[in-house]
Amino acid sequence: MSTAMERSPAPAPVEVPQFFVCPISLEVMRDPVTLSSGITYDRDSIERWVFTDGHGDCPVTKLPLGAGDLQEPTPNHTLRRLIQSWCAAHAVERFPTPRPPVDADRVAAILDAAARATKRGGGGGGGRPDEEELLAALRELADIVGESDRNRRCVETAPGAVEFLVSVLKNRAKKPLLAASQQEESAATSPEEAALSILHSLKPSEETLKRLLDSSDDLIDALASVLRWPSHRARTQGMHLLKAALAAAHPSRLATASADLIEAVVGVVATDMAAAAPPKAVKLALHVLCRLCPWGRNRIKAVEAGAMSALIELLLDQGCGNGGAGGGGKRAGELAAVAIDHLCGCAEGRQELVSHPAGLAAVARAATRLSSSPAGTESAVRALHAVARHAATPAVLQEMLAVGVVARLLFLVQAGAAGDRPRERAREMLKMHAKVWRGSPCLASHLASSYPC
């Protein structure tokens with residue numbers, strides 16, 4: 001009589017033949033391709049090595065790759081059939097025969113069909129049958145881009161492909177404004193949302209972005225429009241692309257950023273933070289603000305768009321322990337401090353900071369709370385220094401005493417953990433206004449006794 005202890009032994013693990021394994025991924029190859037060096041790799045792995053990581057040599061032999069390797073490595077059909085037969089014989093998951101890689105002609109045909117649908121629809125806003133045809137073409141393009149890095153590169157380099165996707169984005173601005181609920185419903189299936197998703201998946205190279213920026217302002221204008229869409233996902237994707245585009249832009253382009261663009265970026269910070277949305281879009285928007293504010297009159301445009309108030313609210317949100325909600329943690333606090341520092345480079349920014357009921361207190365608290373972020377601490381102290389030097393009215397000096405700014409400056413001087421430059425700026429501020437602050441009853445005795453001479 002059998003017992004529970006009498007069980008059949010576990011099957012021995014199947015040993016995979018070494019020549020079935022990709023040298024890069026160390027997994028069984030699904031779509032083996034052979035390079036001119038004679039080494040065979042899985043297509044996804046070698047394309048990631050070449051197109052994503054930017055290598056130009058064979059990973060095993062270190063020999064330079066030929067032009068054919070970069071354009072279309074040779075499929076190893078014999079090895080693929082051997083792998084499929086071995087999988088079937090050993091009851092291992094059998095990999096389906098891969099589809100042939102897309103070529104430039106196929107991409108051109110899809111783009112041509114999409115362009116015809118757009119023209120028949122009167123620019124993308126016409127009859128529904130044409131919009132459905134455009135959506136079908138965009139979905140096919142999205143499937144191609146999602147298959148492999150090689151396909152992504154093929155679509156990106158196809159003549160006019162990226163430009164067409166940007167033109168589809170701009171069509172959203174021409175459509176009549178819908179109610180928020182209708183916008184949310186239509187965005188999920190709109191050609192504009194599909195085009196944005198494809199552009200985001202493409203991760204356009206710096207060269208492609210520079211070409212788009214040099215040809216016109218369409219890309220920046222289109223992305224500014226995206227930042228006002230109701231979909232949080234769309235705003236995040238748009239902000240990703242905007243950050244990449246501005247990183248590739250010439251300083252002269254940054255200096256002439258439109259008030260509409262800066263207002264849209266500030267709107268993402270304020271809207272997503274207030275809605276406690278996932279923090280990615282907020283952090284991206286802060287990156288963009290920090291990129292734009294040093295140039296031209298952008299800091300004034302940002303102040304007029306309400307940036308200072310939004311940044312202070314973000315710092316307050318961090319101070320209340322809500323960094324995981326819309327704020328995005330210490331990194332967001334650091335970026336907010338850097339942006340506030342930029343805004344305090346103009347009189348309008350300093351005035352907005354001192355006018356906010358919690359502005360000075362929030363920045364001073366950031367100066368001591370961001371101890372693990374030298375850039376954040378230095379930026380917060382520099383913003384306070386700008387106020388102490390250029391906006392130090394008697395009322396402001398008294399407020400700095402009352403809300404604890406002076407006490408925190410003394411802490412920075414005593415602790416020394418923030419670094420030399422913040423400590424020296426804090427000391428300079430304390431000496432600058434020693435007549436008002438040193439003998440104040442607002443300072444605790446132990447702080448007053450350590451006031452620098």
Side-chain angles (χ1 to χ4, degrees), residues 9-110 139-158 161-162 197-209 237 240 244:
V14 178
E15 183 177 351
V16 180
Q18 189 60 37
F19 59 93
F20 288 179
V21 176
C22 172
I24 298 177
S25 67
L26 302 181
E27 296 178 354
V28 178
M29 291 181 279
R30 293 171 175 265
D31 186 9
V33 292
T34 302
L35 304 186
S36 57
S37 63
I39 307 299
T40 299
Y41 302 91
D42 188 61
R43 184 186 294 275
D44 282 348
S45 297
I46 193 61
E47 287 180 352
R48 193 176 300 111
W49 170 268
V50 173
F51 299 127
T52 303
D53 300 337
H55 298 291
D57 58 353
C58 173
V60 172
T61 66
K62 303 303 179 183
L63 295 174
L65 297 178
D69 296 328
L70 298 175
Q71 294 176 3
E72 179 52 57
T74 304
N76 194 326
H77 298 299
T78 301
L79 180 57
R80 176 173 53 77
R81 285 193 289 268
L82 285 172
I83 292 173
Q84 289 179 329
S85 299
W86 178 86
C87 288
H90 292 82
V92 176
E93 177 189 2
R94 184 174 180 178
F95 305 131
T97 301
R99 290 194 295 177
V102 71
D103 56 22
D105 291 340
R106 181 59 191 150
V107 175
I110 296 171
R139 286 169 182 152
E140 184 175 1
L141 204 60
D143 289 341
I144 288 172
V145 170
E147 281 182 4
S148 67
D149 286 342
R150 181 195 176 280
N151 285 2
R152 180 185 61 77
R153 180 179 172 87
C154 182
V155 172
E156 181 187 353
T157 57
V162 179
S197 182
I198 295 170
L199 278 172
H200 181 256
S201 298
L202 283 177
K203 299 181 179 65
S205 65
E206 183 178 351
E207 179 183 352
T208 298
L209 292 170
Q237 291 176 339
H240 266 292

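Worth knowing before you read on, the calculation uses all heavy atoms, side chains too, and leaves out hydrogens, waters and symmetry mates.
Counting heavy atoms from C-beta on, the side chains of I83 and M29 come closer than 4.5 Å.
The structure places OG of S205 at 13.0 Å from CZ of F51, a figure rounded to the nearest 0.5 Å. A distance of 8.5 Å separates CZ in R48 from CG in D42, rounded to the nearest 0.5 Å. Distance check: D57 CG to L63 CG gives 8.5 Å after rounding to the nearest 0.5 Å. Of the inter-residue distances, the one linking D31 atom CG with L79 atom CG reads 10.5 Å to the nearest 0.5 angstrom. Taken to the nearest 0.5 Å, the NZ atom of K203 stands 14.0 Å off from the OG1 atom of T208. Annotation: the span from K62 atom NZ to H55 atom NE2 amounts to 8.0 Å, rounded to 0.5 Å.
A distance-only check finds no donor-acceptor pair linking the side chain of R80 to the backbone of V33 [under 3.5 Å]. A side-chain donor-acceptor contact under 3.5 Å links R152 to the backbone of L202.
A salt bridge links E140 with R106: at least one charged nitrogen is closer than 4.0 Å to a carboxylate oxygen.
Of the listed residues (V155, T157, N151), just one forms a side chain to side chain contact (heavy atoms under 4.5 Å, CB included) with V107, and that residue is V155. Under the side chain to side chain contact (heavy atoms under 4.5 Å, CB included) test applied with I39, the options T34, V60, I46, I24 reduce to a single match, V60.
Closest heavy-atom contact between R43 and P73: NH1-CG, 4.2 Å. Closest heavy-atom contact between C154 and D103: SG-C, 3.8 Å.
Using cut-offs of 30° and 60° for the angle between ring planes, the W86 and F20 rings count as perpendicular.
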